[in-house]
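Contents: one structure, followed by commentary.
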Number of protein chains: 2
Amino acid sequence: MTTIGFETHDHRACVSEAMTKAEARCAASDLRLTPVRRRVLELLLVDHRALGAYDILGHLSAEGLGTQPPVAYRALDFLVKAGFAHRIEALNAYIACAHLGADHTPAFLICRNCRSVAESDTAPSQGRLGVAARDAGFQIEHTVIEAQGLCPACQTGNAA
Amino acid sequence: MTTIGFETHDHRACVSEAMTKAEARCAASDLRLTPVRRRVLELLLVDHRALGAYDILGHLSAEGLGTQPPVAYRALDFLVKAGFAHRIEALNAYIACAHLGADHTPAFLICRNCRSVAESDTAPSQGRLGVAARDAGFQIEHTVIEAQGLCPACQTGNAA
DNA sequence: GAACTAATGTTATAACATATCAATACTGAA
DNA sequence: TTCAGTATTGATATGTTATAACATTAGTTC
Ligand SMILES: [Zn+2]
Ligand SMILES: [Zn+2]
Ligand SMILES: [Zn+2]
Ligand SMILES: [Zn+2]
């Protein structure tokens, strides 16, 4: 399991690399990375934190790419379905996938103070939850795993 | 790990037993189970499924216990903080705790068809997520673990 | 019964999300 | 290259979930 999220890094490269991967996957899978979708993915990648749909919409609106909620939600739906972004249920917010390209079941470490999010990959049907599901005869289709707390940076005095 | 939720049972006894436990804990911990709070807990226990705040409010309103959103949200906040109910993030809904009284980190199996919810207890900081958090220097305060899919009953033809 | 705290009543609004239908752009075949 | 079919976008309206703010009432303590 690789955790990606709190360490410092060459963020410019991180963003452009992810965009390149996304473009490649769209070309390969016959998906259309239209201007709005492309820009929303960029916004998520650049911010590296969970953004609400209306945060996104604010950017789009400022850039003349659309002013109404469906614009943001459609782009986010596309990105989530394509696997380029994930929805964070506990925040009603969205974040760029940190493992672009690979099929995976993500787990998140979410800082309640700065909203930064680290993404871990998990083994889906293994682990306690999978065992409980099998025992109960429950058929898992999707799993939400989100830990909330304080990231390393926010533990040093500045948080509540 | 005990999973509680999909098996059939003497539901009348299940509800009254839970209410008795809740009353005992309130008496012991100097918490006040006021009429609205009591009724909301009953509603959650009786339904045995995830209910939205406005579902709850509908019942309360029909019974003359309050008509405005804060009435429902305050009662639900109380029950969640007291450990008598849990919030299901993936549904924006609430469910009575199936392990009333014990301190625990719940995990849920949520049927997307009938909204029934089974609650499992998990070992919090153990497991892969805990390891990832320690590796990243992340301090977990709260964990959301919610699997969505089909319950045993809904797997037999009636679901999409 | 005065002072304090907890709970409720009430109004308004914030925040998040979708339904619907019209218009346009792209795609692939006749 | 026109046509039909599909995907995307534009636009309006509305639905759903949640909280802020402040007044009032009820319990509790001294
Ligand atoms: Zn991912
Ligand atoms: Zn932080
Ligand atoms: Zn519980
Ligand atoms: Zn079901």
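Quick note: numbers below take in every heavy atom, side chains included, and nothing from hydrogens, waters or symmetry partners. Naming: A, B, ... by sequence-line order, numbering from 1 per chain.
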- Task: Starting from P on D:dT29, measure out to CG on B:D30 and report it in whole angstrom.
- Result: 8 Å
- Task: Please tell me which of B:V36 and B:P69 maps to the more 5' nucleotide of DNA chain C, matching each residue to the nucleotide holding its nearest heavy atom.
- Result: B:V36
- Message: Check the phosphate of D:dT8 against A:R37, side-chain N and O only, distance under 4.0 Å to OP1 or OP2. Yes or no?
- Response: yes
- Atom CZ of A:R38 and atom C1' of D:dT8 are separated, to the nearest Å, by 18 Å
- Message: Can you tell me if A:N92 touches the phosphate of C:dA17, counting only side-chain N or O atoms and a distance under 4.0 Å to OP1 or OP2?
- Response: yes
- To the nearest angstrom, the CZ-C1' distance between A:R39 and D:dT9 comes to 19 Å
- Message: Can you measure A:E89 atom CD to D:dA18 atom P for me and round it to whole angstrom units?
- Response: 12 Å
- Message: Please report whether the ring centroid of B:H86 lies less than 6.0 Å from that of B:H99.
- Response: no
- Item | Toward the 5' end of DNA chain C, by each residue's nearest nucleotide, B:P70 or B:L31 | B:L31
- Task: Indicate the ring-plane relationship of B:H11 and B:H48, choosing parallel, tilted or perpendicular according to the 30° and 60° boundaries.
- Result: tilted
- Message: I want to check one thing: is the phosphate of D:dA18, taken as OP1 and OP2, less than 4.0 Å away from some side-chain N or O of B:R87?
- Response: yes
- Item | hbond_proxy A:Y54 side chain to C:dA14 base (donor-acceptor, 3.5 Å cutoff) | no
- C:dA17 P sits how many Å from A:L76 CG, rounded? 9 Å
- Message: What is the separation between atom CD1 on A:I88 and atom C1' on C:dC16, rounded to the nearest whole Å?
- Response: 16 Å
- Query: Within less than 4.0 Å of OP1 or OP2 of C:dT8, is there a side-chain N or O belonging to B:T34?
  - Reply: yes
- Item | Proximal nucleotide (of D:dA18, C:dT8, C:dT11) relative to the B:A53 side chain | D:dA18
- Evaluate the side-chain proximity of A:R37 to A:C26: yes if any heavy-atom separation is below 4.5 Å, no if none is. no
- Query: In whole Å, what is the span from the CG atom of A:D77 to the P atom of D:dT9?
  - Reply: 12 Å
- Message: On the nucleotide C:dA17, are OP1 or OP2 found under 4.0 Å from the side-chain N or O atoms that A:Y73 carries?
- Response: yes
- Task: Tell me which of B:D55 and A:P35 sits closer to the 5' end of DNA chain D, going by the nucleotide each one is nearest to.
- Result: A:P35
- Message: Please pick, from C:dA12, C:dA7, D:dA7, the nucleotide with the shortest atom-to-atom distance to any side-chain atom of B:R32.
- Response: C:dA7
- So do the side chains of B:E119 and B:I95 get within less than 4.5 Å of each other, counting heavy atoms only? no
- Got A:R112 and B:H142 here, is their nearest side-chain heavy-atom distance under 4.5 Å? no
- Query: In terms of side-chain heavy atoms of A:V71, which of D:dT19, C:dG9, D:dG10 is nearest?
  - Reply: D:dG10
- Spacing between A:Q68 atom CD and D:dT14 atom C1', to the nearest angstrom: 13 Å
